[in-house]
Protein chains: 2
Amino acid sequence: MTLTDAAGRGRPRDAEIDGCVLDAALAELAAKGYAAFSLSAVADAAGTTRPAVYRRWKGKAALVVDAVARLAEVDPPQVTGRPFDDLVAELEDFRHCITEAAALPLAGIMLGDDVEPALRRAYTERVVTPRRTRLRAVLAAAVAAGDIAGDADLEVAGSFLTGSWYSFAVAGAAVPDDWAPRVARLVWQACGGAAPG
Amino acid sequence: MTLTDAAGRGRPRDAEIDGCVLDAALAELAAKGYAAFSLSAVADAAGTTRPAVYRRWKGKAALVVDAVARLAEVDPPQVTGRPFDDLVAELEDFRHCITEAAALPLAGIMLGDDVEPALRRAYTERVVTPRRTRLRAVLAAAVAAGDIAGDADLEVAGSFLTGSWYSFAVAGAAVPDDWAPRVARLVWQACGGAAPG
DNA sequence: TTTGCAATACGGAGGTGTCTCGTAACCTGA
DNA sequence: TCAGGTTACGAGACACCTCCGTATTGCAAA
């Protein structure tokens, strides 16, 4: 959603440009980080001009926040009712978001020292919280089903799930193809359960 | 070690400046990331001038690599021979590096898209590899001592150790005070062992 | 006196946010 | 059906800033 909502009668806003600019903004964010984020480069990459961008967004911060919101527009995987399979599906979804979109560099930006508060808030609300909520729900369902122990340390175990990927990436190492089931199996075992299969 | 080694007879190089510049470079790197890294800001923060920095380092890349090398100048914890305790000690050391130095933002930079190859190499060689080697050694010792299973998935389990911290940090969450023993306990259990105590 | 360091200064490049054009699209009302 | 008003567009320009990498000058230590 852009900033203006002109109810006038003139030429309607070219909606296609919005998407191009947001995609370009995500790519620029991934490549340069927030501090070096350049509106000139974004406008160029989007095939438009700087004034056109300023007409839609107030500035760098507003554009970046909108771009993050766009990144979060993904459909979560279906819940099957089998907690272990749901966990693997969530991890595969995470892998998909990381590899397809610019999600990994964005996570890297969040490790920085001077993260713009609005950006941090947008990222937490729209990216972190939804995923964490779903992962927590899967683990809670596993406890309810008796698949894992009721007194398991779910807070730390939950941090293993996505953290494993970050660890590989920081080290510059390739993530194994069967990463998702292997992570799920280990976390299951860490929580006192036995992975099916 | 800086780049020049003038053996002339004139005034000797002021070695103190080197350290100030490297510290300032690490702080700048943590705050702005690599792309927005500014030699002007570094020189200002170090209380010197840009030409003085250029006299010591060839440019941005060389300075950053030296700064990373300085970051890696830490003493690893002593090995006790009790694998579980050694693992906790390593995790506490990791925590110390993350919280005291600028190690976390630097890790975030490594998640970026266009990391300078020289920086990536320096980080991998001097930060990632030493820590990973020590962690692998601890897990291998645990296997040898029969504390954890011999067929455990040590590759993925190893990624849990540091990854857990990254996961908390990306989410903007506070890391628990007893993070190290809790991580160690869960990983122990994931590898088929029982944590002592 | 020799030598290296520090500070000032320089031109070039690139970014920012704003402003003004002329043009093209769209809606409304004659 | 067709003009007129309204609006967004691309393009160009602006004044200002920060950064880069280097050249020059003056000072201080050996």
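Throughout, a chain's letter reflects where its sequence line sits, starting with A, and its residues are numbered from 1.
- Straight-line distance from the CG atom of Asp44(B) to the P atom of dA6(C): 14 Å, rounded to whole Å.
- Side-chain N/O atoms of Ser38(A) include none lying less than 4.0 angstrom from OP1 or OP2 on dG14(C).
- Atom C1' of nucleotide dT22(D) and atom NZ of Lys58(B) are separated by 15 Å, given to the nearest angstrom.
- Salt-bridge annotation for Arg134(B) and Asp93(B): present, with a side-chain N of the basic residue lying under 4.0 Å from a carboxylate O of the acidic one.
- Here dC20(D) presents its P atom at 5 Å from OH of Tyr54(B), a figure rounded to the nearest Å.
- Nearest to the side-chain atoms of Pro51(A) among the listed nucleotides dA11(D), dT8(C), dG21(D) stands dA11(D).
- Taking atom NZ on Lys32(A) and atom P on dG15(C), their separation rounds to 7 Å, with Å as the unit.
- A donor and an acceptor atom never sit less than 3.5 Å apart when one is taken from the side chain of Arg50(A) and the other from the base of dG15(C).
- To the nearest angstrom, C1' of dG21(D) lies 15 Å from CG of Leu63(B).
- Using a 30° and 60° split on the angle between ring planes, Phe160(A) and Phe160(B) fall in the parallel class, below 30°.
- OP1 or OP2 of dG10(D) has at least one side-chain nitrogen or oxygen of Thr48(A) nearer than 4.0 Å.
- Checked by atom type, the side-chain pair Trp188(A)/Asp147(A) shows no donor-acceptor distance below 3.5 Å.
- At dC20(D), one or more side-chain N or O atoms of Ser40(B) fall inside 4.0 Å of OP1 or OP2 (strictly under the cut-off).
- Rounding to whole angstrom units, CZ of residue Arg55(B) and C1' of dT24(D) are separated by 12 Å.
- Rounded to whole Å, atom P of dT18(D) lies 21 Å from atom CZ of Phe37(A).
- No cation-pi contact links Lys32(A) to Tyr34(B), judged by a cut-off of 6.0 Å to the six-membered ring centre and 45° from its axis.
- dC19(D) atom C1' lies 11 Å from atom CD of Glu28(B), rounded to whole Å.
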